[in-house]
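Down below is the structure, laid out as C-alpha cells.
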Amino acid sequence: MTKGCTHIAGIQDVTPSAFGCEECLKSGSRWLHLRICRTCGHVGCCDDSPNRHATAHFHTTGHPVIEGYDPPEGWGWCYVDEVLFDLSRRKTPHNGPIPRYY
C-alpha cells in the first residue's frame with residue numbers, strides 16, 4: 001500500500017490542534033469527518049465536509065500526510081503521491097471528546 005510514496009518516513013507523532021476541525025470551530029461551521037496532519041497536528045475537516053479544511057491546510061502548508069481522525073481510523077493519505085497506507089499501529093489518540101454536528 002505504500003508503494004510510490006516518498007513522505008511516509010517523515011510522518012510525526014503529533015498533538016491535535018483542536019477537539020474538532022480547527023477552522024469550523026472558530027467559524028461555527030459543521031463537518032462530516034476529521035483529518036489530522038501528521039506533520040503539525042492540525043485538525044481539519046474532510047473533503048465531504050462543506051469547507052474541506054484538511055485539504056486547504058495541505059495547499060497552504062505543503063504538509064503531505066493526513067490521518068483519518070474521527071474516530072482514529074488507522075489509515076493515512078499522502079496528498080502529493082496520492083497513496084493510501086496503513087497507520088493502524090500509529091494512530092493519533094483523541095485529546096478529548098469530539099463535538100458532533102450530524
Side-chain angles (χ1 to χ4, degrees):
M1 287 173 63
T2 60
K3 184 178 180 182
C5 182
T6 60
H7 303 95
I8 294 169
I11 64 172
Q12 304 293 315
D13 292 332
V14 295
T15 301
S17 64
F19 289 115
C21 175
E22 190 172 335
E23 291 84 3
C24 287
L25 287 169
K26 290 176 185 172
S27 68
S29 297
R30 297 176 182 224
W31 64 81
L32 185 58
H33 296 290
L34 299 174
R35 308 296 181 236
I36 187 167
C37 173
R38 289 301 297 261
T39 299
C40 71
H42 173 269
V43 178
C45 54
C46 71
D47 285 353
D48 289 330
S49 299
N51 296 301
R52 304 169 59 153
H53 286 122
T55 297
H57 176 75
F58 161 68
H59 288 299
T60 299
T61 64
H63 296 167
V65 176
I66 58 167
E67 173 188 349
Y69 187 59
D70 181 26
E73 299 175 45
W75 58 263
W77 172 257
C78 179
Y79 284 108
V80 175
D81 296 318
E82 298 183 342
V83 173
L84 184 70
F85 52 92
D86 183 11
L87 283 176
S88 60
R89 293 188 178 144
R90 293 190 64 187
K91 294 180 196 176
T92 303
H94 288 153
N95 58 359
I98 301 291
R100 299 287 178 212
Y101 295 111
Y102 52 88

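In this structure, Arg38 contributes its side chain and Gln12 its backbone to a donor-acceptor pair below 3.5 Å. Put simply, the side chain of Thr39 never gets that close to the backbone of His63: no donor and acceptor are under 3.5 Å apart.
Of the charged side-chain nitrogens involved, at least one lies within less than 4.0 Å of a carboxylate oxygen, so that Arg35 and Glu73 count as a salt-bridged pair.
The closest side-chain heavy-atom distance from Trp77 to Leu84 is below 4.5 Å. At a threshold of 4.5 Å between non-hydrogen side-chain atoms, the residues Thr55 and Ile66 do not count as touching. Counting heavy atoms from C-beta outward, Phe58 and Val65 have side chains that stay 4.5 Å or more apart. Side-chain contact between Arg30 and Pro50: absent, with no pair of heavy atoms (C-beta onward) separated by less than 4.5 Å.
Closest approach of Cys21 to Cys45, counting heavy atoms only: SG-N, 3.4 Å. The two residues Ser27 and Ser29 make their nearest non-hydrogen contact at OG-OG, 2.9 Å. Scanning all heavy atoms of the two residues, the minimum distance from Tyr79 to Ala54 falls at OH-C, 3.5 Å. Taking every heavy atom of both residues into account, Pro93 and Pro16 meet most closely at O-CG, 3.8 Å. Here the closest heavy-atom approach between residue Ala18 and residue Leu25 is recorded as CB-CD1, 4.1 Å.
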Requested in this report: Please test Lys26 against Glu22 for side-chain contact (heavy atoms from CB on, under 4.5 Å), starting from the C-alpha separation and ending with a verdict.
Outcome: CA-CA 7 Å; Lys26 290 176 185 172; Glu22 190 172 335; 3.6 Å; yes

Query raised in the report: Stepwise, does the side-chain contact (heavy atoms from CB on, under 4.5 Å) test hold for Phe85 with Ile8?
Result: CA-CA 9 Å; Phe85 52 92; Ile8 294 169; 3.8 Å; yes

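Between the side chains of Ser49 and Asn51, no donor N or O sits under 3.5 Å from an acceptor N or O. Side chains of Asp81 and His7: a donor on one and an acceptor on the other come within 3.5 Å. Judged by distance alone, the side chains of Tyr69 and Thr92 never bring a donor and an acceptor atom under 3.5 Å apart.
Val43 and Phe19 fall into different hydrophobic clusters, where Ile, Leu, Val, Met, Phe, Trp and Tyr residues are linked whenever their side-chain heavy atoms come under 4.5 Å apart, directly or through other members.
Going from atom SG of Cys5 over to atom CD of Glu82 covers 11.0 Å, rounded to the nearest 0.5 Å. Going from atom CG of Asp48 over to atom CH2 of Trp31 covers 15.5 Å, rounded to the nearest 0.5 Å.
Exactly one of His42, Lys91, His94, Glu67 qualifies for a side chain to side chain contact (heavy atoms under 4.5 Å, CB included) with Ile36. That residue is Glu67. Each of Val83, Val80, Thr6 was compared with Pro64 under the side chain to side chain contact (heavy atoms under 4.5 Å, CB included) criterion, and only Val80 meets it.
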